[in-house]
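Note sheet for the following structure.
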Amino acid sequence: MTGMIAPSILSADFKCLEKQLRGLEDAGIKKIHIDVMDGVFVPNLSIGFPVISAIRSCSDMEFDVHFMIENPERFIKNAVLAGANSITIHQEACRHLQRTIQEIKENRCHAGVALNPATSLETLRYVLQDVDQILLMTVNPGFGGQKFISGMMQKIRECKRFLQAAGCSALIGVDGGITMENAAECIQYGATILVAGSSIFQGNIQENIKQFQKIVG
Ligand code: DX5
Ligand code: ZN
């Protein structure tokens, strides 16, 4: 079983973010997930570029920025300048998906595309060769702490088959409601990046990471 945990800092304690990030690094975390929301695509606001720049100056971890914003092409440069290593945009929020993916890559970032629970995998068929990561939303985006939508397990499996059939090596990430109880199954079904917010930051962070790492290998 090989997967990777990418903590979503949406659930971090912002009063001591630097300390929490150091704690993640000490526990062996290589990649964090940063949720950027616009209050339009999703009914919430979250972290913006000044915060990303600030934490870039005190962390060497990979920054995977999840854009939950309409017309994400407007903000690619901002994310790159703030220190993003990869940018994931939503298929549903993007009119010229292929162009936007190209733009991300021209900025030397990895490009990801996220799909809401109700969006078909088929919508990605003609961009598969350009994408580094597919992020399957396993909750409706906008908030941490929601429950994993059980039907999404099947979608992970179908995504794996879809990519194999297309000869595509993009990674599969899952985001929302990931816990120690469902992590192993997500990996078995084909996910390799597990984004987890509340199940990492609630309680003892170091201990949670240790337990997750035992499960995902
Ligand atoms: C939800 C965000 C997630 C969120 C996950 O819209 O995209 O990254 O932080 O939080 P948990 O793991 O608590 O569901
Ligand atoms: Zn996210």
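Order of listing sets the numbers, starting from 1, for every ligand and every atom in it. It should be emphasised that the depicted structure is a prediction, and the values quoted were computed from it without experimental measurement.
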Which is it for H110 and N85 under the side-chain hydrogen bond (donor to acceptor under 3.5 Å, both in side chains) test, yes or no, and what are the steps along the way?
CA-CA 6 Å; H110 295 294; N85 302 102; over 6 Å; no
Starting from the C-alpha separation in whole Å, work towards a yes-or-no answer on salt bridge (Lys or Arg N to Asp or Glu O under 4.0 Å) for K210 and E207.
CA-CA 5 Å; K210 214 195 278 171; E207 193 52 38; 3.8 Å; yes
Apex the Zn ion (ligand 2); atoms D175 OD2 and D35 OD1; angle rounded to 10 degrees:
170°
Find, among atoms of H66 that are N, O or S, the one nearest to the Zn ion (ligand 2), and state its name.
ND1
Pairwise, report which nitrogen or oxygen atoms of ligand 1 are under 3.5 angstrom from protein nitrogen or oxygen atoms, and how far apart they are.
{"residue": "ligand 1", "atom": "6 (O)", "partner": "G142", "partner atom": "N", "Å": "2.6"}
{"residue": "ligand 1", "atom": "7 (O)", "partner": "D35", "partner atom": "OD1", "Å": "3.0"}
{"residue": "ligand 1", "atom": "7 (O)", "partner": "H66", "partner atom": "ND1", "Å": "3.3"}
{"residue": "ligand 1", "atom": "7 (O)", "partner": "D175", "partner atom": "OD2", "Å": "3.0"}
{"residue": "ligand 1", "atom": "8 (O)", "partner": "H33", "partner atom": "NE2", "Å": "3.3"}
{"residue": "ligand 1", "atom": "8 (O)", "partner": "D35", "partner atom": "OD1", "Å": "3.1"}
{"residue": "ligand 1", "atom": "8 (O)", "partner": "D35", "partner atom": "OD2", "Å": "2.9"}
{"residue": "ligand 1", "atom": "8 (O)", "partner": "D175", "partner atom": "OD1", "Å": "2.7"}
{"residue": "ligand 1", "atom": "8 (O)", "partner": "D175", "partner atom": "OD2", "Å": "3.1"}
{"residue": "ligand 1", "atom": "9 (O)", "partner": "S8", "partner atom": "OG", "Å": "2.8"}
{"residue": "ligand 1", "atom": "9 (O)", "partner": "D35", "partner atom": "OD2", "Å": "3.1"}
{"residue": "ligand 1", "atom": "12 (O)", "partner": "G197", "partner atom": "N", "Å": "2.8"}
{"residue": "ligand 1", "atom": "13 (O)", "partner": "G145", "partner atom": "N", "Å": "2.8"}
{"residue": "ligand 1", "atom": "13 (O)", "partner": "S198", "partner atom": "N", "Å": "3.0"}
{"residue": "ligand 1", "atom": "13 (O)", "partner": "S198", "partner atom": "OG", "Å": "2.5"}
{"residue": "ligand 1", "atom": "14 (O)", "partner": "G177", "partner atom": "N", "Å": "2.8"}

Can a salt bridge be assigned to the pair E122 and R125 using a cut-off of 4.0 Å between side-chain N and carboxylate O?
yes
Should the pair R99-E103 be classified as a salt bridge under the 4.0 Å nitrogen-to-oxygen rule?
no
Interatomic distance, NZ@K160 vs OG1@T192, rounded to 0.5 Å, equals 7.5 Å
In terms of the angle between their ring planes, are H90 and F41 parallel, tilted or perpendicular, with boundaries placed at 30° and 60°?
tilted
Using modelled atom types and a 3.5 Å cut-off, is there a donor and acceptor pairing between side-chain atoms of N116 and backbone atoms of V139?
no
